[in-house]
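Everything on this sheet refers to the single structure shown next.
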Amino acid sequence: MAAALLGCHRREVTNCVDESDHVVEDKYCDEIDHGRTSGVYPVLVPYRWYYGGIGLMPGMRASGGSYVPASGATTVRGGFGGTAAADGAGGGGE
Amino acid sequence: MQRRSISPRSDWEKRVEQQGLIYHTVGNQPYWDESAYYQFNAAQIDELEAASNDLHAKCLEAVQYVIDHDRFAALCVPRNAADAICKAWEEEPPAIYGRMDLSWDGRTSPKLLEYNADTPTALLEAAVVQWYWLRDAFPRADQFNSIHERLIAKWKELRAWLRGPLYFANIADKEDFMTAAYLRDTATQAGLQTTALLMKDIGWQDRTRRFVDLRDQPIRSIFKLYPWEWMLHEDFGRHAIETAGEVQWIEPIWKMVLSNKGILAILWEMFPGHPNLLEAYLDGPHQMQQYVRKPKMSREGANITLVDGDQKLETPGDYGEGGYVWQAAAPLPDFRGKRPVIGSWVIDGEAAGIGIRESDGPVTNNTSRFVPHLFLK
């Protein structure tokens with residue numbers, strides 16, 4: 001279960017679930033992130049992230065959320081890299 | 001230490017390109033220059049290795065000193081970043097690499113000019129290209145270079161620590177791209193799952209309070225070839241601080257203490273007279289007659305002022321915000337007009353090899369040439 005309270009912002013609860021929405025340890029979803037769909041894991045990895053609902057312990061069934069981040073979870077990009085663009089003197093390395 | 005001329009391999013461009021060095025020529029000038037090489041003896045290499053290890057240990061003591069004595073203001077580190085640095089220092093997240101720039105003529109003690117501990121480049125040429133040059137040109141000679149193997153060993157060690165795929169982020173600059181691509185290649189060879197990303201494509205979701213990739217997948221482990229001092233001034237800097245405990249950043253944020261040139265004065269304050277350090281101050285040149293004034297946060301040899309009595313030489317640039325450090329001049333050795341600076345690579349906290357960049361003037365900048373080296377046992 002990956003949930004956290006940060007400052008005054010409440011983060012959306014994220015659980016890693018199996019194909020029947022039972023919560024499993026985060027490491028199984030990390031393996032999906034890793035792109036490992038073979039080897040000791042089945043070709044069709046049955047794990048995925050579950051957004052929303054409440055924070056749960058492994059084995060419990062997730063509900064009240066969805067498989068995609070809640071609407072409103074818009075992504076902003078371009079918040080890094082501006083100094084290099086403005087600098088014009090080369091890269092971030094030296 | 002000698003500089004020797006030699007004929008380049010007839011197909012050197014093709015060879016170095018195959019090894020990944022696509023920026024071997026800048027304008028009409030070679031950046032990779034194998035018309036010469038530097039030759040050392042084994043005792044000299046031992047001395048470089050010992051000095052680099054000792055300097056790195058001193059630098060770690062200096063970070064502890066900055067934390068213990070709250071010297072962050074002297075380095076112009078903002079308060080919220082100082083807290084994140086202290087936390088990262090306590091947690092000891094992995095630090096992969098750094099490059100010390102040393103002035104040395106092979107006879108006196110090597111002197112630390114600065115420590116590029118956060119975003120060093122010129123890595124591929126030191127780790128790979130000069131190694132293949134040695135095999136072709138002097139197969140019986142040796143080279144101070146275990147950079148490649150040490151990188152792979154370190155990534156292997158991190159397999160159990162990393163969360164999710166390891167992202168490699170850089171800006172769209174040829175040299176940065178190649179450096180990040182090379183590091184990513186060593187991580188892949190170590191068995192890690194990796195993904196490339198541009199710094200500008202890193203996303204932030206306010207709702208979930210996390211950084212995401214282009215598919216909106218969470219970024220939980222990331223190598224960034226982008227200086228912390230820039231990141232903190234940009235829009236997402238505050239998010240990087242807020243989520244510091246949840247995202248594994250490589251290099252970790254405490255490295256910005258070492259890459260700040262103010263650390264040179266702090267080192268001198270702690271270890272005055274150390275044979276590998278140059279006299280340096282944060283508040284002026286003191287009694288020094290020959291010195292270099294560097295902005296604490298300058299890069300690529302910009303905004304440097306060399307003072308020799310009444311003589312002054314200044315390099316252009318836009319840096320200077322954040323104050324200066326005054327460091328005793330350590331003229332680079334002069335090999336018939338060629339001035340080498342030795343980049344000593346520290347991988348996982350230990351000296352792992354050198355790469356030499358050479359310039360025609362007294363300040364090494366981003367147009368200097370990379371010249372290979374060897375040593376004889």
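Throughout, protein chains are lettered first and strands after them, A, B, ... in sequence-line order, and every chain is numbered starting at 1. FYI, side chains are in, hydrogens and waters are out, and symmetry mates aren't considered; it's all heavy atoms of this structure. All values derive from a computational prediction rather than experimental measurement.
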For the residue pair B/W204 and A/F80, establish whether any side-chain heavy-atom pair is separated by less than 4.5 Å.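 Answer no - side chains too far apart.
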Contact check, side chains of A/T14 and B/R210, non-hydrogen atoms, under 4.5 Å: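 A/T14 reaches B/R210 side chain to side chain.
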What part of [X] gets within 4.5 angstrom of chain A, counting heavy atoms only: side chain, backbone, both, or neither?
{"X": "B/A240", "answer": "side chain"}
{"X": "B/D213", "answer": "backbone"}
{"X": "B/L198", "answer": "neither"}
{"X": "B/N170", "answer": "neither"}
{"X": "B/F211", "answer": "side chain"}

By side-chain contact (heavy atoms from CB on, under 4.5 Å) - contacts of B/V77 (at least two apart):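 Checked B/V77 against side-chain contact (heavy atoms from CB on, under 4.5 Å); matches are B/F72, B/L75, B/A81, B/A82, B/I85, B/M256.
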For the residue pair [X] and [Y], what are the closest heavy atoms and their distance?
{"X": "B/Q205", "Y": "A/T75", "answer": "NE2-OG1, 3.1 Å"}
{"X": "A/E94", "Y": "B/R99", "answer": "O-NH1, 3.0 Å"}
{"X": "B/D201", "Y": "A/R77", "answer": "O-NH1, 2.9 Å"}

Partner residues of B/Y226 under the ring-ring contact (aromatic ring centres under 6.0 Å, His included) criterion, sequence neighbours left out: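 Result, ring-ring contact (aromatic ring centres under 6.0 Å, His included) vs B/Y226: B/W230.
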If you count heavy-atom pairs within less than 4.5 Å of chain A, which of B/T194, B/T179, B/N116 leads?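 Ranked by contacts with chain A, first place is B/N116.
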Choice from B/I202, B/V212, B/L123, B/D118 maximising heavy atom contacts with chain A below 4.5 Å: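 Heavy-atom pair counts peak at B/I202.
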Kindly say whether A/G92 contributes a backbone atom to a donor-acceptor pair with the side chain of B/T119 at under 3.5 angstrom?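 Pair found, side chain donor or acceptor close to backbone of A/G92.
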Give a yes or no on whether B/F177 atom CZ has more than 12 heavy-atom contacts from other residues, nucleotides or ligands under 6.0 Å away.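 Atom CZ in B/F177 is not packed in, count stays at 12 or less.
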Side chains of B/E234 and A/T83: donor-acceptor distance under 3.5 Å anywhere?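 A/T83 and B/E234 do have a side-chain donor-acceptor pair below 3.5 Å.
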